[in-house]
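See below for the structure under consideration.
Proteins get letters first, then strands, A, B, ... in listed order; numbering begins at 1 in each. It should be emphasised that the depicted structure is a prediction, and the values quoted were computed from it without experimental measurement. What's counted below: heavy atoms across the whole structure, side chains too, no hydrogens, waters or symmetry copies.
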There are 2 protein chains.
Amino acid sequence: MAVRDYGQYDGITQALELVGERWALLIIRDLLVGPRRYGELAAGLPRIPSNILAARLKEMQAAGILRRAPRSRVVIYELTPYGRELEPVVLALGAWGSKALGDPREEQIITPDAMTMSLRTAFRPHVAAELPATAYAARVGPAELLVRVDGPTLDVARGDGPADLAFSAGPGIHRLISGELAPDRAIATGEVEVLRGPRDLLGRFASTFHLAA
Amino acid sequence: MAVRDYGQYDGITQALELVGERWALLIIRDLLVGPRRYGELAAGLPRIPSNILAARLKEMQAAGILRRAPRSRVVIYELTPYGRELEPVVLALGAWGSKALGDPREEQIITPDAMTMSLRTAFRPHVAAELPATAYAARVGPAELLVRVDGPTLDVARGDGPADLAFSAGPGIHRLISGELAPDRAIATGEVEVLRGPRDLLGRFASTFHLAA
DNA sequence: CTGGATCCTGCCCGATACTG
DNA sequence: CAGTATCGGGCAGGATCCAG
């Protein structure tokens with residue numbers, strides 16, 4: 001730890017020493033959605049080598065960012081309060097990076113946890129507060145999410161459920177959120193397919209989840 | 001770029017592909033203070049190998065984060081507007097990391113640019129707005145900074161100048177900003193030495209620059 | 001002298017096999 | 001299922017060298 005060290009004393013450097021290594025912040029991203037088992041983390045990060053996942057978990061545990069918690073026969077990993085304080089960092093990174101997202105390449109996948117954090121990034125509570133409570137069932141690739149907006153609060157859960165609007169989308173959903181693609185055009189081009197519910201609710205979705213340019 | 005790829009399509013992953021590699025965000029940190037020449041960047045990051053610095057500059061230039069700008073015979077590097085949008089990310093990282101800063105190790109240094117960004121991180125504009133305009137001349141290790149607070153705006157420049165309060169501090173200045181160390185105790189223990197001006201202005205400094213727990 | 005490019009060494013990462 | 005062990009390759013680290 002002492003050799004491969006940035007050698008500076010300030011907050012940014014310290015942060016990078018703790019979570020600056022490869023894969024670390026993606027593990028944090030998934031744990032911000034909820035506690036996860038080792039296998040769940042591995043499934044959400046298909047390209048991570050298992051030794052790297054194990055190493056990162058150990059390092060971040062030693063740093064007080066996450067903890068191994070035994071839960072009725074199985075072990076789960078969960079963020080400590082200090083680890084949860086990384087949420088603004090992850091949201092800021094997500095907001096910045098999403099502006100540089102082009103079209104997805106063939107091998108790029110969208111995982112449920114990544115999609116959940118993207119929605120949290122794009123969520124505009126002050127806009128949502130003015131709108132009626134709405135539940136959306138969104139299927140993005142293989143990810144099924146139940147998105148409940150109630151006033152200024154957002155809840156995203158995996159799986160299906162009762163929803164005012166159910167739709168299925170490809171990665172083009174990002175262009176909808178970025179405002180690059182208008183809701184009705186998204187439906188017209190087939191990038192978003194409405195499965196149940198009034199299709200004009202997609203406009204409400206787009207104004208609730210929006211990343212400013 | 002295609003092999004060492006995270007393989008996911010979302011904002012956070014994209015951000016990490018652009019600025020997630022070693023040293024990248026420290027270069028951004030320094031460029032957020034102002035345009036810098038190659039040698040200035042190298043001086044502010046003493047441990048970076050020159051090939052890595054050159055490589056990062058090229059990569060981030062290709063990504064549209066910074067640009068090489070010829071300025072009267074010399075080349076300077078400056079952030080593009082998109083690169084400047086990383087400021088919230090860097091500030092969030094700095095705020096988070098500074099909470100984990102222990103005592104500095106022997107070899108850890110404080111550079112002027114790092115200190116400038118630390119001050120920006122800790123600056124509380126709403127508090128400063130209630131206080132009279134104040135100029136501080138702060139010497140932290142080898143870094144000499146002129147810190148001007150005028151209402152809700154902050155300006156940090158290198159070098160000396162007219163100031164209401166001039167003080168010299170070690171790395172313990174971070175404990176002052178974190179609230180761990182009261183201003184009068186910082187003076188009493190010698191962690192901060194007031195060179196010119198009324199010493200109770202250090203209290204104003206500490207309430208202007210403060211990181212919430 | 002500044003702004004890099006080049007070389008070599010070593011370690012981290014990536015991939016996979018293997019084990020409690 | 002939850003990791004550990006092992007090995008090869010590639011990026012990082014450090015010194016040196018080159019061009020304008």
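Each of Leu57(A), Ile76(A), Leu26(A) was checked for a side chain to side chain contact (heavy atoms under 4.5 Å, CB included) with Leu41(A), and the lone residue meeting it is Leu57(A).
Among the protein residues, Arg73(A) comes within range of no part of the nucleic acid, since none of its heavy atoms lies under 4.0 Å from any strand.
A salt bridge is defined here as a Lys NZ or Arg NE, NH1 or NH2 lying under 4.0 Å from an Asp or Glu carboxylate O, and Arg139(A) with Asp160(A) fails to meet this definition. Comment: Asp5(B) engages Arg105(A) in a salt bridge, judged by a side-chain N to carboxylate O separation of less than 4.0 angstrom.
In this structure, CD1 of Ile76(B) is placed 13 Å from P of dG4(C), rounded to the nearest angstrom. Atom CH2 of Trp23(B) and atom P of dC11(D) are 18 Å apart (whole Å).
For DNA chain C, the neighbouring residues in residues 26-43 of chain B, judged by any heavy atom under 4.0 Å, are Arg37(B), Tyr38(B), Gly39(B). Across residues 50-64 of chain A, Ser50(A), Asn51(A), Ile52(A), Arg56(A) each have a non-hydrogen atom less than 4.0 Å from an atom of DNA chain C (numbered order).
Checked by atom type and distance alone, the side chain of His174(B) pairs as donor or acceptor with a backbone atom of Ser98(B) at under 3.5 Å. Distance alone, capped at 3.5 Å, places no donor-acceptor pair between the Tyr9(B) side chain and the Gln14(B) backbone.
Note on Arg4(A): every side-chain N or O is 4.0 Å or more away from OP1 and OP2 of dC13(C). Here Arg22(B) reaches the OP1 or OP2 of dG13(D): one of its side-chain N or O atoms lies under 4.0 Å away.
Taking the ring centre of Tyr6(B) as origin, the terminal cationic atom of Arg22(A) falls inside the region bounded by 6.0 Å and 45° from the ring axis.
Judged as a side chain to side chain contact (heavy atoms under 4.5 Å, CB included), and not counting sequence neighbours, the contacts of Ala163(B) are Ala135(B), Ala137(B), Leu146(B), Arg196(B). Every residue meeting the side-chain hydrogen bond (donor to acceptor under 3.5 Å, both in side chains) condition with Arg67(B), not counting sequence neighbours, appears here in chain and number order: Glu78(B).
Residue pairs meeting the ring-ring contact (aromatic ring centres under 6.0 Å, His included) criterion with at least one member in residues 52-80 of chain A, sequence neighbours excluded, do not occur.
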Starting from the C-alpha separation in whole Å, work towards a yes-or-no answer on side-chain hydrogen bond (donor to acceptor under 3.5 Å, both in side chains) for Asp10(A) and Thr13(A). CA-CA 6 Å; Asp10(A) 72 291; Thr13(A) 304; 2.5 Å; yes
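Recorded end-axis angle for the helix from dC1(C)-dG20(D) to dT19(C)-dA2(D) stands at 30°, based on five pairs per end and rounded to 10 degrees.
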